[in-house]
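I have placed the structure first, in the form of structure tokens, so that the comments after it can refer back to it.
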Amino acid sequence: MNAGILGLGRYLPEKILTNADLEKMMDTSDEWIRTRTGIEERRIANDEINTSDMAYEAAKAALENAEISAEDIDMILVATVTPDQSFPTVACMIQEKLGAKKAAAMDVSAACAGFMYGMITAQQFIQTGAYKYVLIVGVEKLSKITNWEDRNTAVLFGDGAGAAVVGPVADGKGILSFELGADGSGGKYLMQEGEFLSMNGREVFKFAVRQMGESSLNVLDKAGLTKEDVDLLVPHQANIRIMEASRERLGLPVEKMTKTVHKYGNTSSASIPIALVEEMEAGRIKDNDLIIMVGFGGGLTWGAIALRWGK
Ligand code: UT7
């Protein structure tokens, strides 16, 4: 059984934090943030909205979009590094809230590559016929672990959730190939140290530019396809300069790359599904389109998927 995307949903908190707002909070400038990252504003969840609340909203929207009821879901995977607490998991919390009574549930921890890890975990259960429908949510409340006194990181991140229902699709559609990887030796470059996130931006930047390009080309190769076959590149929305580097590596025109980084910042595991929903809602994804999703993050981790759109 091929596994493909049957429906998508997202949730973004209403509160907008602009670069101008950040200028008042720390020694930074709109000009610096825009030119170095492409970010103009990001969403921040208020105290009443926790990670599981955002995950629930995105999951509900994805189930509606897929026209599948919660009771039919066999498994829930939530990719997050900012769960409400270590246990019960966010996956268990939303299992109850959604009424997905028969679903197994667990969180997946692979930082910004978490949604890729979740999708490929789901694919294994579907391909073998063990499960039919798996719900995957990428969700982060990064504002919880942001050090608002560290301008190196505070300007980059945002909160949000994206979700996908994955299930069996026709021959030739769905996930065609994937690559997942990790390099624990680079763990020190992006980590949670005590309460807060810390990062060596330059090291992560170098790793990201190399890995995003290589993994995208590798999944194309594994699927027996070439750069010319790509209809849409959906890169992890961390920094426009990293995204542009992977677009150029694939030789794609600007309009074939998704961009939400300017309005949501880096939402970690949520960024790829959020970007996909926006492409779908804008009517920019057609049946049979070849989509390359590619992400990287703390761990270090990375993952890429070549997916043929359609059921
Ligand atoms: O999901 C994965 C998450 N991580 C990433 O994707 C991060 C990857 N890395 C990056 O995106 C970039 O490295 C950054 C955007 C974090 C930084 O851009 P950069 O071009 O690598 O800048 P830099 O680190 O070389 O810093 C240049 C200067 C430094 O000043 P000095 O030491 O040259 O005087 C920084 O102190 O910019 C300074 N700077 C800032 N200035 C104003 C750093 N942050 C800020 C800031 N506002 N917010």
Side-chain angles (χ1 to χ4, degrees), residues 1-12 51-80 89-108 114-139 160-171 173-176 178 232 234 258 267 269-283 285-289 291 293 295 303 305-311:
M1 269 300 178
N2 282 5
I5 293 177
L6 306 178
L8 292 164
R10 71 168 167 334
Y11 172 83
L12 287 143
T51 303
S52 62
D53 302 308
M54 295 192 281
Y56 169 70
E57 294 298 335
K60 214 169 53 165
L63 287 169
E64 267 165 38
N65 181 243
E67 295 177 355
I68 284 166
S69 107
E71 287 105 67
D72 293 328
I73 295 292
D74 297 299
M75 183 178 227
I76 300 174
L77 300 171
V78 174
T80 186
T89 59
V90 176
C92 284
M93 293 175 81
I94 67 168
Q95 187 244 19
E96 200 261 327
K97 236 170 146 179
L98 290 167
K101 290 197 178 66
K102 75 168 176 182
M106 67 173 173
D107 286 0
V108 177
F115 189 76
M116 300 288 92
Y117 271 73
M119 286 283 290
I120 296 309
T121 305
Q123 183 205 17
Q124 308 315 305
F125 287 98
I126 293 160
Q127 233 170 18
T128 55
Y131 289 153
K132 192 167 182 194
Y133 299 123
V134 182
L135 171 69
I136 303 139
V137 186
V139 57
V165 177
V166 174
V169 292
D171 249 12
K173 298 210 170 164
I175 297 171
L176 305 178
F178 73 89
L232 184 67
V234 186
T258 307
T267 57
S269 64
S271 94
I272 291 177
I274 290 172
L276 254 186
V277 184
E278 302 220 340
E279 289 292 330
M280 181 187 74
E281 285 183 355
I285 308 182
K286 302 181 303 298
D287 199 38
N288 276 320
D289 272 358
I291 300 174
M293 294 177 255
I305 293 174
L307 178 129
R308 181 77 66 194
W309 189 256
K311 299 180 187 173

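Numbers here are sequence positions counted from 1.
Put simply, CG on Leu12 and CE on Met54 are 9.0 Å apart, with the number rounded to the nearest 0.5 Å. Met293 contributes atom CE, which lies 4.5 Å from atom CD1 of Ile5 (distance to the nearest 0.5 angstrom). Distance check: Phe115 CZ to Ile274 CD1 gives 10.0 Å after rounding to the nearest 0.5 Å. For the atom pair CD (Gln123) and CZ (Phe178), the distance works out to 6.0 Å, reported to the nearest 0.5 Å. Atom-to-atom distance recorded for Glu71:CD and Lys102:NZ is 9.5 Å, nearest 0.5 angstrom. Atoms CD1 and CD1, from Ile94 and Ile76 in turn, are 5.0 Å apart once rounded to the nearest 0.5 Å.
Contact of the Glu278 side chain with the Thr258 side chain is not registered, since no non-hydrogen atoms from C-beta on lie closer than 4.5 Å. A heavy-atom distance below 4.5 Å is not found between the side chains of Lys311 and Asp287. Residues Ile175 and Val169 form no side-chain contact, since every pair of their non-hydrogen atoms from C-beta on lies 4.5 Å or further apart. Within the 4.5 Å cutoff, the side chain of Trp309 has heavy atoms near those of the Met280 side chain. Proximity of Leu232 to Ile285: side-chain heavy atoms (C-beta onward) are separated by under 4.5 Å at one or more points. Here the side chains of Leu6 and Tyr133 are in contact, with some heavy-atom distance below 4.5 Å. A heavy-atom distance below 4.5 Å is found between the side chains of Leu276 and Ile291. Using a 4.5 Å heavy-atom threshold, the side chains of Val90 and Val137 count as separate.
Residue-environment remark: CG (Asp171) stays at or below the threshold of 12 foreign heavy atoms within 6.0 Å. Within a 6.0 Å sphere centred on CD of Glu96, other residues, nucleotides and ligands contribute 12 heavy atoms or fewer.
Heavy-atom minimum distance, Ala270 versus Gly162: CB-N, 4.0 Å. Shown here for Lys97 and Asp53, the closest heavy-atom pair between the two residues is NZ-OD1, 3.2 Å. The two residues Ala61 and Gly9 have their closest heavy-atom pair at CB-CA, 3.8 Å. Here the closest heavy-atom approach between residue Met1 and residue Pro168 is recorded as SD-CB, 3.6 Å. Nearest heavy atoms, Ala103 versus Gln95: O-NE2, 3.2 Å. Considering all non-hydrogen atoms of both residues, Val165 and Ala62 come closest at CG2-O, 3.7 Å.
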Intermediate values then yes/no, side chain to side chain contact (heavy atoms under 4.5 Å, CB included), Leu98 and Ile73 | CA-CA 10 Å; Leu98 290 167; Ile73 295 292; over 6 Å; no
Derivation and outcome, side chain to side chain contact (heavy atoms under 4.5 Å, CB included), residues Val166 and Met119 = CA-CA 8 Å; Val166 174; Met119 286 283 290; 3.7 Å; yes
Can you check side chain to side chain contact (heavy atoms under 4.5 Å, CB included) on Asn2 and Lys173, steps first, answer last?
-> CA-CA 7 Å; Asn2 282 5; Lys173 298 210 170 164; 5.5 Å; no
Output, in order, the C-alpha distance, side-chain angles, deciding distance and verdict of side chain to side chain contact (heavy atoms under 4.5 Å, CB included) for Leu77 and Met106.
-> CA-CA 5 Å; Leu77 300 171; Met106 67 173 173; 3.7 Å; yes
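Side chain of Thr121 to main chain of Tyr117: a donor-acceptor pair is present (N/O by atom type, distance under 3.5 Å, no hydrogens or angles). Of the possible donor and acceptor atoms, one in the side chain of Thr80 sits under 3.5 Å from a partner among the backbone N and O of Val139.
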